[in-house]
Amino acid sequence: MNNDSTPPVSHFIRNIVVRDLESGKHDKIVTRFPPEPNGHLHIGHAKSICLNFGIAAEFGGTTNLRFDDTNPLKESEDFAQAIMNDVRWLGFKWSELRHASDYFQQLYDHAVYLVRNGRAYVDSQDAEQIRTSRGTLKEPGTDSPFRDRSVEENLVLFEKMKIGKFADGEHVLRARIDMASPNINLRDPVIYRIRKVPHHRTGDSWNIYPMYDWAHGISDAIEGVTHSLCTLEFEDHRPLYDWFLENIQTACHPQQIEFARGNLDFTVMSKRKLRQLVEEGHVAGWDDPRMPTIAGLRRRGYTARAIRAFWKQAGVAKSESIIPMGVLENAIRNDMNENAPRVMAVLDPIKVVLDNYPEGESEWLQAPSHPQKPEMGERSVPLSREIWIERGDFMEDPPRKFFRLRPGGEVRLRNAFIIKCTDIRKNAAGEVVEVHCEYDPQSRSGLPGAARKIKGTIHWVSAEHGVGAEIRLYDRLFNVATPLADKDRDYREFLNPDSLHTLTSAVVEPAVAQGKPGDFYQFERVGYFCVDQESKATGLPILNRTVSLRDSWAKLNR
RNA sequence: AGGGGUGUAGUUCAGUUGGUAGAACGCCUGGUUUUGAUCCAGGAAGUCGUGGGUUCGAGUCCUACCACCCCUGCCA
């Protein structure tokens, strides 16, 4: 499935699984990943996916993908397809694809059983009445006037709800538990509501749909789930989860275990807000590379391997925490450092003329694709009399410790020759527009003359051979670490206006122009970039910056 | 008559039946280097939320507090 090499990390859920295996409570682990198909998966869901699939796989168990499709008003097949695509892309294989809607008949039958036993009743109060009679956090609720309807009447009414004799909202089916429970979830929770709308899978067959609490635990039991992992906010629901399974006829009673969601700083992670960002046009779509969605991260250049490594490193616990974005970035840097072929690209070019290089000539130099991995091969890089270098790699009047090109100074061109700055040309505004150098023909990489000690090495692209490219520089979506923390201000006020910079005058070495969408590179000394899906074989190649290289020079100057 | 949770280096987390507080990332120093990257070596860094108690000994057991999070959808 995924052969991530580091040993498993201990956490409380894994400890429970180990114990249950050792004690013989279970001899096979079964988990499930239960998304609602009402939006796209994000990095937080990936935590649950890695946990559920990872823990089962580690111990030879299985994991189902089960869509929690109990609310036809919000759900769609399009979202379901996107979710399946994302789970597969993350590197996981579900044992079986299931839907809560597959179990609608069984769920209904179990509900009838509850009614027969006097443990559920049809309530004919409206939503407002149900709400007020539920009580408050500190005061008990009061019984519905319909709470003591006879079994026979309840059976008839529930049947009529099912076959569509009533309008939406006229009745609900409620579990008959305890209106005075300190746990509000136990105050006769609604388990069925009337919704006369078609369902994306069951069509018009049903006029009533089960609520989450009713559907979820029973679906788990039907699938023989051993450990039902969910997030902290469902902790209060566990007594209800258990009550339902104890009061229906089933031999299987999965254990619900709750863990903390994974939060990242400088972003938002709720489906509602992500949807809002898309619909209001703050980003280009669910797969905008600034989005924390799986689709966004993928387009940004993140690999599934890096995402898995990230969540493994973050661990699983019950305390709420916010993980610094830098940790995620570190995960993709580690992956890219291992696997990305190196190339040269100049993002903000300034021209350098090698005055002593023969006019009209050029040569192709061999350059390794990875300095520590000769097995990754090499590519040919053309050099000619005029080249582009990064504007920031030349300074007329540099500060101390500036290792790059300066008037009269020497610098090494990566994979090529040592050059010396002999002259500069300025425009009317006094800006340097051209740098003139002499190159040392004896210093070509690989020759003995290259062995001289030179402080700085810079990247470059031949002006004659370089290919223009559009480079999209992404930064964090928000300019504050916790956009939701300020109760008085809307999180959209903290959107980072500079989260996307598009460069259209960048120049890349010819090898990059051959790249296909999804291909990735390290632009040496700059960062990791991938070819965007919009990039076409003709026209400007488009590259997304996944993440910059770590930069201790920039840090030094902060 | 509220209930359910969580507090251990800067951060994210480990810490088995009580026995000298650990890892990773980040940070700082040095080294290697034709990427100011990578890599290597070393270092700083914690009154284990607070106060009591039990014990020869408490991050771990008991107790009282404090802080923060979640819960009053016919959402999941």
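Here is the naming used below: chain letters follow the sequence lines, and residue numbers restart at 1 for every chain.
- Checked against a 6.0 Å centroid threshold, the rings of Tyr241(A) and His237(A) do not count as neighbours.
- The aromatic ring centres of His199(A) and Phe104(A) sit less than 6.0 Å apart.
- Side chain of Arg187(A), nearest nucleotide from U38(B), A1(B), G3(B): A1(B).
- Base orientation at G73(B) is syn, since its O4'-C1' glycosidic dihedral falls within 90° of 0.
- When both distances must be under 3.5 Å, the Watson-Crick or G-U wobble mate of U6(B) is A67(B).
- One can place CG of Asp236(A) at 15 Å from P of C69(B), the figure rounded to the nearest angstrom.
- Taking only side-chain atoms of Ile184(A), from C-beta outward, the nucleotide of C74(B), G36(B), C71(B) with the closest atom is C71(B).
- Two rings, from Tyr302(A) and Phe310(A), have their centers 6.0 Å or more apart.
- Using a 4.0 Å heavy-atom distance criterion, Gln372(A) is classed as a base contact.
- Among G15(B), A76(B), A37(B), the nucleotide with an atom closest to any side-chain atom of Asn15(A) is G15(B).
- Note: CZ (Arg193(A)) to P (G73(B)) measures 14 Å, nearest angstrom.
- For the pair Lys373(A) NZ and C39(B) C1', the interatomic distance rounds to 13 Å; values are reported in whole Å.
- If you check C71(B), C74(B), G36(B) against the side chain of Ile130(A), the one that comes closest is C74(B).
- Leu186(A) places its CG atom 17 Å from the P atom of C71(B), with the value rounded to the nearest Å.
- For G59(B), there is no paired nucleotide, since no Watson-Crick or G-U wobble pair has both relevant distances below 3.5 Å.
- Remark: Ser319(A) is not in phosphate contact with U12(B), judged by side-chain N or O atoms under 4.0 Å from OP1 or OP2.
- In summary, of the residues considered (Lys420(A), Lys455(A), Arg452(A)), a side chain to side chain donor-acceptor pair (under 3.5 Å) with Glu410(A) occurs for Arg452(A) alone.
- Comparing A1(B), G3(B), C28(B) by their nearest atom to the side chain of Lys555(A) picks out C28(B).
- Candidate nucleotides C70(B), A14(B), G5(B) were compared by shortest atom distance to the side chain of Glu233(A), and C70(B) ranks first.
- Distances were taken from every side-chain heavy atom of Ile323(A) (C-beta onward) to each of U12(B), A76(B), U35(B); the shortest belongs to U12(B).
- Listed nucleotides G15(B), A37(B), G2(B) differ in distance to Lys138(A); the shortest reach to its side chain belongs to G2(B).
- A45(B) makes up no base pair with any nucleotide shown, lacking Watson-Crick or G-U wobble contacts both under 3.5 Å.
- Using N1 to N3 plus N6-O4 or O6-N4 for Watson-Crick, or N1-O2 and O6-N3 for G-U wobble, each under 3.5 Å, A21(B) pairs with nothing.
- To the nearest angstrom, C1' of U38(B) lies 11 Å from CZ of Arg414(A).
- With Tyr209(A) as the aromatic partner, Arg195(A) does not meet the cation-pi criteria of under 6.0 angstrom to the ring centre and within 45 degrees of the ring axis.
- Checking A1(B), U34(B), G26(B) against every side-chain atom of Asn330(A), the shortest atom distance belongs to G26(B).
- Taking the six-membered ring where the residue is Trp, Tyr108(A) and Tyr192(A) present perpendicular rings, their angle passing 60° and hence far from 30°.
- The NZ-P distance, from Lys455(A) to A37(B), rounds to 13 Å in whole Å.
- Minimum atom distance to the side chain of Arg195(A) is reached by C75(B), of the listed C75(B), C74(B), U35(B).
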